[in-house]
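Note sheet for the following structure.
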Amino acid sequence: MSSAGKAASPTPLHHGVPASSVVQIVILSLLWGCNWPVLKLGVGELAPLTFRASSLAFAGIGLLLIAKFSGHSIRIPRPLWGKVVALALFNIAGWNGLILFGVQNMPAGRSAILAFTMPIWAVLIGLGLLHEPLSRRKMIGLALGTGGLAVLLSDDWHNLQRAPTGALFILGAAIAWAFGTVLLRRWKPPIPLATLTGWMMILGWIPIVLGVPFFDPHPLHSLATMSGTAWFAVLYNIFLAGTLAHWAWFKMARTLPVAVSSLSSLPVPVVGVLSGMLFLGERPGWSEFVALGLVLAALATVLFAPASKPEAFESIPE
């Protein structure tokens, strides 16, 4: 297995990010964006940790099977286990454990918006840990994306005041995910992507499943009596929001600069708001459309860098 980052770089799009990353951004935007109303449906019937415990490990196993059938090793070298465990705690356990308690107490679309303050925290943490240069283009993208989130948050300030616990849970999840993203970029463990992501999801599942009995006294009964809606939510989180979307995210997080990969996730809350309107009857207003324009502008600033200043990107083992 070759070490990460020494192979030929993928073809960039207009000297911006690689064209393959644009496909990954579309996958993430649709699968994770639509997952916010799906999560709302799931935790409406199952306790938050029970719901997540029922899907996370299976998604991880699916990724390990993908690695195995692709001819990659699913072993983690012993010296790297400590880093993989730390990445799992922040990227998987911290994010998933906190986010579901938050979405249980807030509208799905608004939960997505608050969760995706993550790029702000990731860029700030990356400045300290990675010393990545914050170019004018990235600063403009960050400002536009932050502006889009601010528009939506200010429009919902009264809801946040009525549900501060939910907001704090989601904010904590965003910071945990941001820190995990920066660590992933800093360490760049030389492990095939599907292998690394699969083990992170399985290891992150362990503290979640250990916490289930403290919040759901009868988890097996809850699972045995699930409705078709709950089954759909679980299966969606295993195969789509779990296996496929996590593979796309961690590939971007490990190859792109933190500012670029983080800002590239900004369309997700917009899709979350719109899908919440479509599937749950949540009603968007003018602020959603203003935020959409700002978010798309933020995305364009990092996707299409000028030809005179191309970004360097890395190739990693699949």
Side-chain angles (χ1 to χ4, degrees), residues 10 17-42 51-72 74 84 87-88 91-93 95-96 99-100 103 108 112 115-116 118 173 177 180-181 184 189 191-205 208 229-256 260-272 274-276 278-279 299 303 315-318:
V17 303
S20 60
S21 294
V22 177
V23 176
Q24 292 152 21
I25 292 168
V26 173
I27 290 172
L28 284 173
S29 299
L30 294 176
L31 295 185
W32 274 356
C34 291
N35 195 39
W36 288 95
V38 173
L39 289 175
K40 189 73 174 178
L41 293 172
F51 173 76
R52 183 48 78 212
S54 67
S55 61
L56 202 56
F58 294 105
I61 292 170
L63 283 161
L64 292 181
L65 289 174
I66 291 173
K68 189 70 174 178
F69 288 129
S70 299
H72 296 296
I74 60 171
V84 175
L87 291 171
N91 284 289
I92 305 298
W95 164 258
N96 286 282
I99 204 68
L100 290 174
V103 80
F116 279 82
M118 185 279 287
W177 182 20
T181 297
L184 184 63
I191 303 168
L193 185 68
T195 298
L196 175 63
T197 308
W199 277 115
M200 283 169 56
M201 295 180 79
I202 292 171
L203 292 170
W205 170 80
I208 289 176
T229 299
W231 270 110
F232 168 76
V234 169
L235 293 174
Y236 186 98
N237 275 267
I238 292 175
F239 295 107
L240 298 179
T243 303
L244 182 57
H246 274 88
W247 174 85
W249 166 254
F250 286 116
K251 183 170 183 177
M252 286 200 307
R254 207 163 72 160
T255 57
L256 302 182
V260 177
S261 62
S262 299
L263 287 168
S264 296
S265 68
L266 284 175
V268 175
V270 176
V271 176
L274 297 177
S275 60
L278 182 62
F279 299 114
L299 187 59
L303 285 183
S315 176
I316 61 172
E318 296 291 332

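FYI, side chains are in, hydrogens and waters are out, and symmetry mates aren't considered; it's all heavy atoms of this structure.
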Point to revise | side-chain contact (heavy atoms from CB on, under 4.5 Å) against V38, all qualifying residues, sequence neighbours excluded | key: N35, F232, A233, Y236, N237
Review point. Does the side chain of W205 come within less than 4.5 Å of M201's, by heavy atoms?
Key: no
Study note, to complete from the structure: In this structure, OG1 of T181 is separated from CG of L87 (nearest 0.5 Å) by 9.5 Å
Review point. Do the side chains of F51 and L39 get nearer than 4.5 Å, heavy atoms only?
Key: yes
Point to revise | Listed partners of W199 passing ring pair (Phe, Tyr, Trp, His ring centres under 6.0 Å), at least two apart | key: W81
Study note, to complete from the structure: On a heavy-atom basis, the closest approach of S54 and V234 is OG-CG2, 3.5 Å
Review point. For the side-chain contact (heavy atoms from CB on, under 4.5 Å) test, which of L64, I92, T197 pairs with I202?
Key: L64
Check your understanding: How about L274 and L278: do any of their side-chain heavy atoms sit closer than 4.5 Å?
Key -> no
Point to revise | Parallel, tilted or perpendicular: ring planes of W249 versus W32, cut at 30 and 60 degrees | key: tilted
Practice item. Output the distance between atom CG (L56) and atom NE2 (H246), rounded to the nearest 0.5 Å. Key: 7.0 Å
Check your understanding: Among all residues two or more places apart in sequence or in another chain, which pass the side-chain hydrogen bond (donor to acceptor under 3.5 Å, both in side chains) test with T243?
Key -> none
**Study point:** Interatomic spacing from CG in N91 to CG in L196 - rounded to 0.5 Å
**Key:** 9.0 Å
Exercise for review: Mind listing the closest non-hydrogen atom pair of K40 and V103 along with its distance?
Suggested key: NZ-O, 3.0 Å
Practice item. Kindly write out the residues that satisfy side-chain contact (heavy atoms from CB on, under 4.5 Å) with L244, not counting sequence neighbours, or none if the list is empty. Key: I27, L31
Point to revise | Donor-acceptor contact present, side-chain S275 to main-chain G33, <3.5 Å | key: yes
Review point. What heavy-atom pair brings V268 and S29 nearest, and what distance separates the two atoms?
Key: CG2-CA, 3.9 Å
Review point. Which pair of heavy atoms, one from A88 and one from L203, lies closest together, and at what distance?
Key: CB-CB, 3.7 Å
Exercise for review: Applying side-chain contact (heavy atoms from CB on, under 4.5 Å), name anything that partners L65, two or more places apart in sequence or on another chain.
Suggested key: I61, F69
Exercise for review: Determine, stepwise, if the pair L100 / N96 fulfils side chain to side chain contact (heavy atoms under 4.5 Å, CB included).
Suggested key: CA-CA 6 Å; L100 290 174; N96 286 282; 5.5 Å; no
Review point. Is any side-chain heavy atom of L240 less than 4.5 Å from a side-chain heavy atom of C34?
Key: no
Practice item. Please list, chain by chain and in numerical order, all residues satisfying side-chain contact (heavy atoms from CB on, under 4.5 Å) with A115, sequence neighbours excluded. Key: W36, W95, I99, I170
Check your understanding: Are any of the side-chain heavy atoms of L184 and P189 separated by less than 4.5 Å?
Key -> yes
Point to revise | For G272 against A112, the heavy-atom pair lying closest together | key: CA-CB, 4.4 Å
